[in-house]
Every structure is written in C-alpha cells, then in structure tokens.
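Got a structure here, written out as structure tokens. Questions coming.
When a residue number appears, it is its place in the shown sequence, counting from 1. For ligands, and for the atoms within them, numbers begin at 1 and follow the listed sequence.
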Amino acid sequence: MNETVEIKIGEESFKLPVIVGSYQEKGIDISKLRGMSGYVTLDTGFKNTGSTRSTITFIDGEKGILEHRGYRIEQLAENSSFLEIVYLLFHEKLPNTAELAEFEQAIKDHTGLPAQIRDVLNALPDDLHPMGMLSVMLNSLPGFMPESLDSWTDEAIRWKTIYTLLANMPVMAAYIYRRQKGLEYIDPDTSLGYVENFLNMTFGSADAKLVESLDTLLILHADHEQNCSASTARFVGSSHVNLFAAIGAANNALWGPLHGGANQKVLEMLEAIRQDGGDADKYIQKAKDKSDPFRLMGFGHRVYKNYDPRARVIKKYVDQVLDSLNLEDPVVDIAKGLEQAALNDEYFAQRKLFPNVDFYSGIIYRALGIPVNMFTVMFALGRLPGWIAQWKEMRENGEPIGRPRQIYTGETTRDYVELGQR
Ligand code: ACO
C-alpha cells in the first residue's frame with residue numbers, strides 16, 4: 001500500500017501521495033492540491049520544497065554525505081579524473097576504458113572557438129567581473145552555432161552543444177584570465193589533457209602536480225543537486241531556451257556572493273582579517289552580532305548541517321598543494337584559526353554552521369596563481385557538467401515549464417485616477 005497523508009482544510013479532508021526516495025526520504029506530492037482544494041503552498045526560498053525527482057546526486061546534509069549516482073564524493077575525488085565524473089553525471093555509470101577514451105576524444109574534437117569570440121571578449125568593459133565576461137561569451141555561442149537554438153530535439157545537435165560547452169568553457173576561462181592580464185591569447189592544444197590544456201592556455205605551462213590538484217577541485221564542484229544555479233539551469237531550460245542560454249543563466253546565479261561568489265568573498269575576508277592584525281575572535285564576534293551585516297564567508301550551508309564533505313577533502317589538499325609548490329600563505333593559519341574558533345563557539349554550534357566547500361578552495365586557487373576575481377569562474381568550470389546533467393534530466397523527464405504560484409498581498413481592485421487628480 002502506497003503511503004498517503006491526509007490534510008484537513010475546514011470540514012474537508014484531502015489525501016496526498018507520499019513519494020519515497022532511494023534512502024527513504026519522504027516528500028508529500030502536492031501537485032494536485034490546488035485543483036482539489038483551491039489552496040497552494042508557500043515556501044519562500046524552497047527550504048521545504050522538492051522541485052524534482054532526480055537520480056544524479058544525493059546529499060544527506062545532517063550526516064555530511066555527498067554521492068553522485070551512488071558513489072561517495074571522497075572515493076570519486078581519490079580515484080577518478082574529472083572527465084570520468086562528467087561521464088558519470090551524463091551517463092549514469094562510470095565509463096570503462098574505451099568509453100572514457102571516446103568521451104575524451106569527443107571533447108577534444110569540439111575544442112576551439114571562432115576568432116570572433118575573442119572580439120566579443122575584447123569589446124567588454126575592463127571593469128566587468130570575469131563572471132559577467134563568461135556569461136556574455138556563453139550567450140554569444142548560439143550566434144556561432146545557430147542550430148543550437150533547438151538544443152534538444154535532434155540528438156546529434158544536443159551532443160554537439162554539450163561537447164562544445166564542455167570543451168570550450170576552459171578556453172573561455174583562460175581567455176578571460178589572459179585578457180585581464182593584458183597577455184596574448186594561447187590557442188588550445190588538444191594533445192594535452194583537459195585540465196593540462198586549461199592550465200597551459202592560462203599560464204603557458206602546466207605543472208603535473210597542479211594538474212592533479214585542480215582536477216580534484218573540479219571533481220569536488222561537479223554537481224550539488226538542486227542548488228541555486230542548478231535549479232536555475234533547470235528552470236530557465238524548462239522554457240525550452242537553448243542550452244547555452246540556460247547555462248549562461250546558471251552562471252549568473254553562481255556569480256552571487258551567497259552562492260559561488262562566496263569563494264572570492266572568503267579570500268577577501270581572510271586578507272582583511274590578516275591586514276587587521278589577524279584577530280579571528282574579533283571577526284567571530286562581528287559574525288554573531290545581528291546589528292552587523294558581516295557574515296563569516298565560507299561558513300554555513302542551506303543543506304549541510306554538518307561538515308561539508310567537500311571542505312574536508314579540500315582542507316587535506318591545502319597543505320599538500322602549498323608544500324608541493326614550496327609556498328607559505330599567511331591566510332592559511334588565519335583560516336584554520338577562524339575555523340577552530342567558530343567550531344568551538346556556541347552561536348555556530350547551535351545553528352550547525354560548518355565550513356563549506358568555499359572556505360578552503362580559494363587558498364588553493366590562489367596558490368595555483370589564479371586571481372581572486374577569477375575564483376568563481378573556476379567554480380563554474382567545475383560545476384558546468386552538473387548544470388548540463390540537471391538540464392538534460394529535466395528535458396528527458398519532460399518536465400513542464402517552471403512557473404510558481406504566489407500569495408498576492410497587494411492592493412485589491414481600485415479605480416484608476418487621472419494623472420492630474422492624484
Ligand atoms: N555567519 C554568521 N551567521 C550565519 C552564517 C554565517 N556565515 N550563515 C548563517 N548564519 C546564521 C543566520 O544569521 C541565521 O541566524 P538566526 O537563526 O539567528 O537568524 C542562521 O545562521 C541560519 O542562517 P540562514 O541564512 O537562514 O541559512 P540559509 O540556509 O538561508 O543560508 C547560506 C545558507 C546562504 C549559505 C548562509 O549560511 C551564508 O550566507 N553563508 C555565508 C556565504 C557562503 O559561504 N555561501 C556559500 C554557500 S556554499 C555554495 O554555494 C557553494
């Protein structure tokens with residue numbers, strides 16, 4: 001017998017089905033509620049609302065668990081390459097050797113952008129944030145591939161669009177870096193691996209240790225179920241706009257400081273604390289003070305009420321990367337001190353605020369030589385396959401256009417008053 005719940009509104013009762021997930025998590029299906037009762041539900045910020053059924057990523061925020069297609073993130077980060085994870089997100093299974101080779105080749109075959117994309121980038125204002133530059137380029141791509149305006153119906157076009165995005169996101173990110181620095185653009189070299197090619201286009205060389213560290217960072221960012229940017233990719237994509245535009249929208253969502261933009265804010269915060277004498281406690285007090293808008297960036301998460309498992313993996317890498325580069329970064333000690341102080345503080349404990357993925361990632365990006373305002377672009381590079389997989393699943397499931405309801409609380413009907421009479 002399928003479980004149902006009954007809700008009573010006035011004298012009437014309504015039975016609603018319960019949807020059970022793979023790990024027995026339960027959701028009340030309210031999709032027929034308005035038709036049955038005239039009522040809608042209200043849940044600003046979707047804190048209690050599932051927007052879809054998905055088979056891509058599972059998170060248990062209370063226990064600090066993250067899995068893609070059933071594989072724990074720790075195991076994937078330890079053993080896989082980024083492109084294996086991309087394959088896993090798209091195809092529901094890890095690739096075998098031949099499948100991976102074919103997948104990697106398809107990405108290489110689609111690598112390279114028309115020269116005009118550089119003109120587009122060159123024409124943008126110097127002060128535009130790199131995430132804005134990336135969005136402009138993403139939205140320009142259909143101009144070079146008009147058939148992508150319908151990115152779904154024809155399977156060959158669908159995959160061409162997907163491969164074009166995957167292959168060229170690193171190209172665009174590297175171009176942005178070189179433009180900011182006033183350096184000549186470096187063409188992609190498809191004899192190199194995915195991450196190696198990115199580092200080479202960015203810095204003109206690619207150290208093997210850095211390739212490995214960056215590959216792991218990209219894995220850790222690959223998908224995170226229905227977060228703000230992934231939901232945006234699904235929501236905007238549900239209008240059947242082309243994939244480039246849906247990904248451009250997701251990219252803009254990621255730009256925000258409460259989402260992907262947090263990694264930039266973390267480093268700026270750590271720098272500010274360092275310049276202010278390195279007193280972690282002073283900033284803990286500021287974060288707790290409700291009259292102060294300051295928040296401890298890189299702390300807290302909508303879903304994790306435990307240590308973010310990605311932060312745990314990244315933290316291990318911080319020392320490894322700095323050691324292998326023979327670098328010392330004074331903000332590392334500040335970050336560790338801040339984390340310790342926050343974890344021992346009642347305010348953070350009560351609210352279950354732990355370090356999230358962004359708390360330590362910026363330190364690694366900085367060690368790799370990536371400028372602070374490019375951090376969110378790096379996040380986008382990692383998250384791209386997740387956005388595509390979420391969009392793909394939404395289209396495969398034939399989900400309807402996203403169109404929430406509201407509770408209107410404004411003025412009720414009133415008569416128009418002529419301009420001169422008001
Ligand atoms: N510093 C201080 N207090 C915090 C913080 C923080 N970083 N995060 C949450 N709180 C407090 C809130 O003030 C609130 O306190 P109250 O109950 O006394 O009012 C309580 O904890 C709950 O916080 P909410 O904002 O309601 O939690 P929500 O789930 O809406 O927000 C968010 C999650 C946006 C991530 C929040 O924790 C935050 O702003 N963190 C800093 C920004 C950040 O690191 N973002 C990256 C998120 S991860 C990612 O996108 C990849």
Side-chain angles (χ1 to χ4, degrees), residues 43-49 57 59 61-62 64 66 68 73 77 131 217-233 250-273 280-315 331 334-335 338-365 372 375-387 390:
D43 184 20
T44 317
F46 305 110
K47 291 193 177 196
N48 298 277
T49 299
T57 294
I59 300 174
E62 273 68 35
L66 168 62
H68 298 310
I73 190 66
M131 285 298 279
L217 270 187
L218 295 184
I219 292 175
L220 294 173
H221 287 87
D223 188 52
H224 213 234
E225 51 116 311
Q226 309 311 318
N227 57 80
C228 181
S229 57
S231 298
T232 301
N251 193 63
N252 281 337
L254 189 74
W255 188 356
L258 295 189
H259 190 15
N263 56 14
Q264 172 174 346
K265 295 284 171 208
V266 171
L267 232 279
E268 287 168 358
M269 174 188 78
L270 294 174
E271 261 305 326
I273 298 176
D281 203 50
K282 176 173 164 190
Y283 285 83
I284 295 281
Q285 297 313 322
K286 265 170 81 64
K288 288 159 57 172
D289 181 355
K290 294 287 171 200
S291 63
D292 189 325
F294 175 79
R295 278 193 166 196
L296 203 54
M297 297 312 288
F299 256 76
H301 197 275
R302 170 59 60 81
V303 180
Y304 291 119
K305 303 303 167 198
N306 201 324
Y307 215 103
D308 179 339
R310 302 164 301 170
R312 221 185 277 284
V313 178
I314 291 185
K315 192 178 172 186
V331 300
I334 293 175
L338 207 55
E339 179 191 338
Q340 224 31 58
L343 292 178
N344 291 329
D345 192 287
E346 210 184 296
Y347 173 96
F348 290 87
Q350 261 177 5
R351 290 167 181 76
K352 300 195 165 76
L353 301 170
F354 293 87
N356 61 49
V357 67
D358 288 323
F359 194 66
Y360 286 106
S361 62
I363 296 172
I364 300 188
Y365 291 139
V372 174
F375 287 2
T376 315
V377 171
M378 298 306 296
F379 192 151
L381 211 56
R383 183 53 57 85
L384 176 69
W387 292 334
Q390 298 286 345

**Report entry** Partners passing side chain to side chain donor-acceptor pair (under 3.5 Å) against Lys305 (at least two apart in sequence or in another chain)
**Finding:**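 Result, side chain to side chain donor-acceptor pair (under 3.5 Å) vs Lys305: none returned.
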Requested in this report: List in chain and number order the residues that pass side-chain contact (heavy atoms from CB on, under 4.5 Å) with Glu225, two or more places apart in sequence or in another chain; answer none if no residue qualifies.
Outcome: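 Result, side-chain contact (heavy atoms from CB on, under 4.5 Å) vs Glu225: Thr57, Ile59.
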Requested in this report: Find out whether Ile364 and Leu217 are in side-chain contact, i.e. whether some heavy atom of one side chain is under 4.5 Å from a heavy atom of the other.
Outcome: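 Counting from C-beta outward, Ile364 and Leu217 do come under 4.5 Å.
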Requested in this report: Please answer whether the main-chain N or O of Gly300 pairs with a side-chain N or O of Asn356 as donor and acceptor at a distance below 3.5 Å.
Outcome: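 Judged by distance alone, yes, a pair lies under 3.5 Å.
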Query raised in the report: For the residue pair Phe299 and Phe348, does the interplanar ring angle fall in the parallel (under 30°), tilted (30 to 60°) or perpendicular (over 60°) class?
Result: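 Aromatic pair Phe299/Phe348 classed perpendicular.
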**Report entry** Results of side-chain contact (heavy atoms from CB on, under 4.5 Å) for Asn48 - residues two or more places apart only
**Finding:**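 In terms of side-chain contact (heavy atoms from CB on, under 4.5 Å), with neighbours along the sequence ignored, Asn48 is linked to Asp43.
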Report task. Select all protein residues for which some heavy-atom-to-ligand 1 distance is less than 4.0 Å, and list them by chain and number. Result ->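 Protein residues near ligand 1 are Lys47, Leu258, His259, Ala262, Ala287, Lys290, Arg295, Leu296, Met297, Gly298, Phe299, Gly300, His301, Arg302, Tyr347, Arg351, Leu353, Asn356, Val357, Asp358, Phe379.
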